[in-house]
Every structure is written in C-alpha cells, then in structure tokens.
Amino acid sequence: MAIHAGAPRRSTLAPGDHAKLDDLRARLADLKDEPGATLEALYAAQDVFSYVPPEAVTMIAEELRLPESEVFGVLTFYTMFHRKPSAKYVLRVCRDLSCHISGAPAVLQAFNEALGTRVGDVTEDGLFETESVSCLGLCDLQPAALVNLEQHGPLDAEKARSLLADLRAREA
Amino acid sequence: MELVVTKNFGNPQSWTLESYRKAGGYQALAKVLNEMTPEDVSDLVKESGLSGRGGAFFPTGLKWQFVRGDPKTPRYVVINGDESEPGTYVNRYSLELDPHLMLEGMLIAAYSCNATLGYVYIRGEYGLAHERTQAAIREAYEAGYLGSNILGKEGFDFEVTFRRGAGAYIVGEETALFNSLEGKRGNPRYKPPFPTNVGVWGLPTAINNVETLSAAPAIVENGAEWFQNLGHGEATGTKMYCLSGRVAKPGVHELPLGTTARELIYDYGGGVLDGRPLKGFKPGGASSAALGPEHLDAALEPRSMGALGTIMGTGGVVVYDDTVCMVDAAYRDALFFEEESCGFCIPCREGAPNLVQICERIMHGQGSLDDLDLLEDLGASMMASFCGLGQFAHQPVRGAVRAFRDEFEAHIRDRHCEAGVCRFATNGRLA
Ligand SMILES: Cc1cc2nc3c(=O)[nH]c(=O)nc-3n(C[C@H](O)[C@H](O)[C@H](O)COP(=O)(O)O)c2cc1C
Ligand code: SF4
Ligand code: FES
C-alpha cells in the first residue's frame with residue numbers, strides 16, 4: 001500500500017489506455033522487490049503508454065511502496081521521461097559545443113521545418129517530435145542526433161531530411 | 001605503442017566473450033585469484049600509479065585499500081558509465097567494443113576490496129552499450145566469471161546488477177549516482193563521508209570509471225613498472241583522448257598520459273578542419289577552461305593543466321578555429337551547466353543562469369567591462385556550491401575571458417565579433 005495514496009493528478013489517459021494499466025501492473029511485478037527500481041518502473045510505464053501518466057505514478061508508488069511524491073520527484077528529475085504522450089520517433093538533436101560549432105542548429109531547424117513543428121511538439125500522426133538535448137556522447141559524429149536510441153551523424157540539413165524520409169518509409 | 005584499454009577494439013566481434021577469450025581475456029583474473037592476496041592487488045595498482053580516469057585522478061589502488069579496510073559488509077564495486085561531459089565519448093567506445101575488459105577489471109577490484117556486489121550504471125542514451133554490456137554480463141555468468149566460487153575460488157562470490165540512467169549529467173558525480181541507483185533523484189550527497197566508507201546503500205563502495213577499471217587486467221598481467229613506463233614521468237599509463245569540434249578527424253586515440261595537445265590534434269587528428277588557423281582548444285570537457293595556441297605543447301595530464309589554470313578533466317579535447325566566437329563558446333558551456341544544474345544548492349542554481357545572462361548581454365552588444373569583473377565575483381561565489389558541478393561551471397567562462405580577453409572586449413567596446421557569429425542589436429534592442 002502506498003504510504004501516501006492521494007488522488008491522481010488530473011488524468012491524461014486516452015479512453016483506450018485504461019486497459020493498459022493492467023499491462024503496467026504485470027510489468028511492475030518483476031520490479032516490486034528489487035531495491036531502487038524506481039527508474040526502471042518509470043521506463044516500464046513509458047514503454048506501455050509512451051509517457052508516464054499520473055495513474056502510472058500512483059500505481060508505481062503503490063507497487064514499490066514509495067511515497068507518490070517521491071516517484072513524481074524522480075519522474076521530473078530525469079530528462080528522458082515524458083509527462084505527455086510522446087512520438088513514436090523522438091529525434092534528440094545535440095545542442096552542445098562540439099555539435100554546435102559543427103552545424104547542429106541547421107540540423108534541428110531542418111527537422112522542425114520538415115515536420116512543421118517546434119521542439120517538443122508531436123506531429124499529428126504521432127510519429128515524430130524533436131528535442132534539443134545536452135551532449136549525447138556522440139561527438140565524433142558531430143553534429144549528432146539520436147532517433148530514440150539509434151545513433152546518427154554527422155548530419156546536415158539534407159541528411160536530416162533524408163533521415164526523416166527513411167523513417168517515414170519504415171512506417172509505410 | 002602498446003595499448004592498454006583499446007587493444008581489442010579491432011578484433012572481430014570484440015564485444016563477445018569468445019572474442020575476448022581468444023585475445024587472452026580473463027587470464028588476469030585467474031592470476032589474481034591463484035597467485036595474489038587482495039592486498040597484493042591494491043599494492044600493485046598503487047605502485048602502477050593508475051588514477052581515476054573519470055577526471056579526478058584519485059589513486060585507484062588506494063581507493064580499493066580504503067574500501068577493503070572498512071568493516072561494514074556487503075561492500076560494493078560500481079562502474080561509472082554515466083559519461084556525459086560535453087566533448088567526451090571514450091567510455092562509449094569501451095562499453096560498445098570491449099565490455100568484458102571492464103568486467104574483468106571490476107572483478108579484480110572486487111577481489112581486492114573483498115566486495116561481493118556490484119552495479120554497472122550506464123547513461124540512458126547509450127542504447128548499444130546497454131545491449132552489449134548486458135549481453136556480456138549474461139555471458140560472464142554462464143561462463144562462471146560471475147556468481148559464486150568464481151573460477152573455482154572457494155568463497156569468491158560476486159553478483160552484478162545492470163542499471164541505466166535516464167538523462168542527467170549530474171548523476172555522473174559519484175554520490176548522485178548512488179542516489180540514482182537507489183531509485184532517487186540524482187542530487188549529490190555531502191562528502192565526507194566518502195564513498196569508500198559510505199557509498200551505495202550506505203555501504204563501502206569502490207566507484208570507478210569504465211576506463212580506470214579497463215586498465216586493471218593489463219597491469220596485473222604486465223606489472224606496475226610496465227604501466228608506469230607507458231606514460232610520462234608521474235603521469236603513468238595511457239589515456240583515451242578524444243577529439244571533436246573544428247578538427248579534421250574526430251576520433252578516439254589511446255596515447256601516453258601526458259601527450260601534448262599538438263601531437264594529439266596534428267599527428268592524430270589531422271590538424272584543424274580545412275587547414276584553418278587554430279584559435280584554441282579545451283583539454284577535457286565543458287568543465288575545463290580553454291587554452292590558446294601558445295599552450296599547444298603543454299602535456300595533457302593533470303599537473304601541467306592545473307599549472308595553466310585549467311583541468312585535464314576527461315581528455316575530451318575540443319578544437320576551436322577562427323570560425324568560433326569565444327563568447328559564444330563560453331555561452332554554450334554556461335547553457336550546459338544551467339540546464340544540468342540539479343537545483344539543490346543556491347550558488348549553482350542561481351549562479352549558472354547568471355553566467356548565461358552575462359554572456360548573452362555581451363553577445364548582443366549590451367555588455368560592459370564591469371561584466372568581466374562581475375564574472376570573477378560570480379565565480380568566487382559559485383565556489384561555495386555543494387558539488388563539483390557548480391564549483392566548475394564558472395571556470396570555462398572565466399577561463400575564456402582570461403585567455404581571449406581581447407575578443408570579449410571587442411564585443412563590449414566595439415560591438416564587433418571577429419568570427420561573425422554574434423549579431424548585434426541596433427538602437428539597444430536584441431537582434
Ligand atoms: C558534475 C560531475 C560529473 C561527473 N561525471 C562523471 C562521469 O560521467 N563519469 C565518471 O566516471 N566520473 C564522473 N565524475 C567523477 C566521479 O564523481 C568520480 O570521481 C569517479 O567516478 C571516480 O572514478 P575514477 O576514480 O575511476 O575516475 C563526475 C564528477 C562531477 C563533479
Ligand atoms: S552544485 Fe549544482 S549540481 Fe551540485 S548540488 Fe549544487 S545545484 Fe546541484
Ligand atoms: S557535443 Fe554533441 S554529442 Fe557531444
């Protein structure tokens with residue numbers, strides 16, 4: 001039982017997503033007795049929903065026997081967790097020094113223009129969103145980006161556009 | 001040159017146990033278990049001069065001795081694979097290409113520390129490293145390198161848990177990493193007590209960088225003197241340096257610790273991109289202050305970098321040419337620390353955004369010469385930060401002013417950016 005089982009924050013779950021709460025509960029069964037598994041539990045929720053909805057925070061708190069506030073605190077600390085539905089392909093473009101002086105701004109701009117979005121917006125088909133992120137440890141691939149966890153670089157505006165075309169082709 | 005930590009990178013399927021064994025893998029562990037006491041191991045590593053490749057260069061053998069000397073059990077060995085310092089990607093290569101080397105080093109450390117439990121913590125963005133490291137851990141369990149009575153050694157047991165981060169530079173700081181392993185926010189903890197006595201779950205912990213542990217097997221096989229002789233004087237052994245920025249060939253190079261920036265950039269990196277003039281370089285990540293071309297012949301090792309008012313850091317060398325504006329470069333570093341400050345203490349949480357604002361003013365032609373003094377005062381107050389992030393965050397900005405003061409003054413006095421990066425406002429409005 002949760003130490004503090006407050007009412008969930010305003011729900012963000014789509015109607016069809018309520019059934020997925022059972023999937024999450026099943027996945028949390030493996031993590032329940034593992035000390036310190038909060039990050040893995042949040043990853044599990046993100047796998048199930050594409051983000052971590054308030055209901056998942058409540059459920060993780062219950063299953064892992066933690067204060068809900070603590071789970072929420074962890075969720076908000078780490079940048080790879082989403083608190084609203086995320087795209088199927090998250091394009092993380094590095095903005096730090098080596099990439100910046102190698103042309104990263106043009107890469108981010110090319111993605112955003114081709115998608116008609118700004119950083120953090122999900123395209124209407126749910127496929128893409130861009131993020132502007134700290135050094136990815138891919139500086140030899142400057143300017144570099146991750147598509148989810150897949151490494152790409154060195155990129156330029158044209159390569160960014162053809163990468164998008166490849167990803168769209170995967171979906172077709 | 002003899003290689004220590006990258007020697008297997010060229011082998012086919014180098015990340016598999018089969019390939020690692022073919023290259024002589026896990027023989028150092030066998031030697032340690034059969035011929036050495038835990039004290040012998042830490043003495044050997046102390047004598048070799050191996051020091052922490054994570055950037056602090058603390059003597060590794062001494063760390064292991066401290067952990068062994070603490071009576072609390074279980075003791076832990078933790079691998080720090082959080083590598084997030086801008087310009088640094090050497091651990092990624094090791095994790096992707098030779099995870100068994102680091103695991104063998106971890107087991108040697110565990111034996112020396114009398115530790116029975118371990119974590120491998122890798123930053124969340126390193127997907128391929130997660131796969132290969134997890135596979136290596138599975139293989140090591142199956143082959144009896146992990147588990148109970150390892151290699152038939154009665155009473156030598158060691159269990160490893162794999163963990164990944166989820167995006168946070170500060171978690172690379174050792175005590176923040178423990179909090180993350182415990183499932184908490186990655187805020188640092190007060191030191192002392194040090195991790196050797198009060199580490200993860202409050203127990204004695206040897207936390208080491210991927211590269212540090214990867215050096216241990218070769219030291220066991222070839223001896224302390226061999227390792228010493230690979231370096232330059234007191235800077236013993238090798239270091240994985242890596243190049244990025246305005247360099248012709250970005251890449252990883254394992255070289256003697258204390259190699260000069262000139263050798264690294266020109267002999268191994270192919271010089272500056274497009275043969276342009278070198279404006280400066282950063283010796284090791286965002287936390288290090290940039291140096292001008294007059295320091296190209298300085299040795300990239302902790303002492304000589306310290307004497308120049310910067311740090312060796314991670315060995316992630318970033319090259320600047322004349323297309324780079326030093327105010328903009330300093331601004332990028334400030335933005336990084338503003339973003340990555342964990343917000344726990346005031347000097348850093350408030351100081352980092354101030355660094356950003358001062359750089360922005362100067363880049364927009366709205367700075368004053370007083371701002372350069374203000375940076376010094378701000379830096380002094382940020383030295384009161386709770387952890388290394390805040391204590392270092394102001395160094396790159398102040399260092400840039402020290403080394404490239406003319407450029408800062410040209411922005412302020414003449415609203416002129418030699419590199420053509422900054423766009424200045426007309427009639428006082430931001431461009
Ligand atoms: C802000 C900050 C970030 C750090 N990030 C890392 C890191 O990503 N990897 C690392 O090995 N050490 C990092 N360190 C250093 C660790 O605290 C610690 O000294 C190191 O892991 C010890 O291992 P070593 O002795 O083998 O270097 C960081 C330190 C600070 C202050
Ligand atoms: S110095 Fe910065 S990163 Fe370190 S504890 Fe303070 S706010 Fe957090
Ligand atoms: S600076 Fe972009 S990946 Fe490191």
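Convention: sequence-line order gives letters A, B, ...; per-chain numbering from 1.
Within the 4.5 Å cutoff, no side-chain heavy atoms of Asp140(A) are placed close to those of Val252(B). Within the 4.5 Å cutoff, the side chain of Glu125(B) has no heavy atoms near those of the Leu138(A) side chain. Side-chain contact check for Pro250(B) versus Gln142(A): some heavy-atom pair is nearer than 4.5 Å.
Across Gly165(B), Gly251(B), Cys242(B), the residue that shares the most heavy-atom pairs under 4.5 angstrom with chain A is Gly165(B). Of all the listed residues (Lys249(B), Glu83(B), Lys184(B)), the one sharing the greatest number of non-hydrogen pairs under 4.5 Å with chain A is Lys184(B). Put simply, of Asn187(B), Leu243(B), Val200(B), the one with the most heavy-atom pairs under 4.5 Å next to chain A is Asn187(B). Of the listed residues Cys94(A), Ala37(A), Ser98(A), the one with more heavy-atom pairs under 4.5 angstrom with chain B than any other is Ser98(A).
Rounding to the nearest 0.5 Å gives a distance of 8.5 Å between SG of Cys135(A) and CD of Glu85(B). Rounded to the nearest 0.5 angstrom, Arg246(B) CZ and Ser102(A) OG are separated by 6.0 Å. One distance of note links NE2 of His100(A) with OH of Tyr331(B); it measures 9.0 Å at 0.5 Å rounding. Rounded to the nearest 0.5 Å, atoms CG (Leu136(A)) and CZ (Arg123(B)) are 6.0 Å apart. The distance from atom OH of Tyr320(B) to atom CD1 of Ile101(A), rounded to the nearest 0.5 Å, is 6.5 Å.
Here the closest non-hydrogen pair linking Gly137(A) and Tyr89(B) is O-CB, 3.1 Å. Minimum heavy-atom separation, Asp96(A) to Pro86(B): OD2-CG, 3.9 Å. Of all the heavy atoms in Leu149(A) and Gly127(B), the pair that sits closest is CD1-CA, 3.8 Å. Of all non-hydrogen atoms in Cys139(A) and Thr88(B), the two that sit nearest each other are SG-N, 3.7 Å. In terms of heavy-atom proximity, Gly186(B) sits nearest to Tyr78(A) at N-OH, 3.4 Å. Taking every heavy atom of both residues into account, Gly124(B) and Tyr43(A) meet most closely at CA-OH, 3.9 Å.
Using a 4.5 Å cut-off between heavy atoms, Asp328(B) touches chain A through its side chain atoms alone. For a residue to count as touching a neighbouring chain, one of its non-hydrogen atoms must lie under 4.5 Å from one of that chain's; by this rule Thr323(B) does not touch chain A. At a 4.5 Å heavy-atom cutoff, Glu150(A) makes no contact with chain B through either its backbone or its side chain. For Leu273(B), no part sits under 4.5 Å from any heavy atom of chain A, backbone or side chain. For Tyr169(B), no part lies near chain A; criterion is any non-hydrogen pair under 4.5 Å. The part of Tyr93(B) that comes within reach of chain A is its side chain, from C-beta onward, which places non-hydrogen atoms under 4.5 angstrom from that chain. Both the backbone and the side chain of Arg185(B) come within contact range of chain A, with heavy atoms under 4.5 Å apart.
For Tyr51(A), the OH atom sits in a packed shell: over 12 heavy atoms of surrounding residues, nucleotides or ligands are nearer than 6.0 Å.
One finds a salt bridge joining Glu339(B) and Arg95(A) here, because a Lys/Arg side-chain nitrogen approaches an Asp/Glu carboxylate oxygen to under 4.0 Å. Taking a cutoff of 4.0 Å between a charged side-chain nitrogen and a carboxylate oxygen, Glu40(A) and Arg164(B) qualify as a salt bridge.
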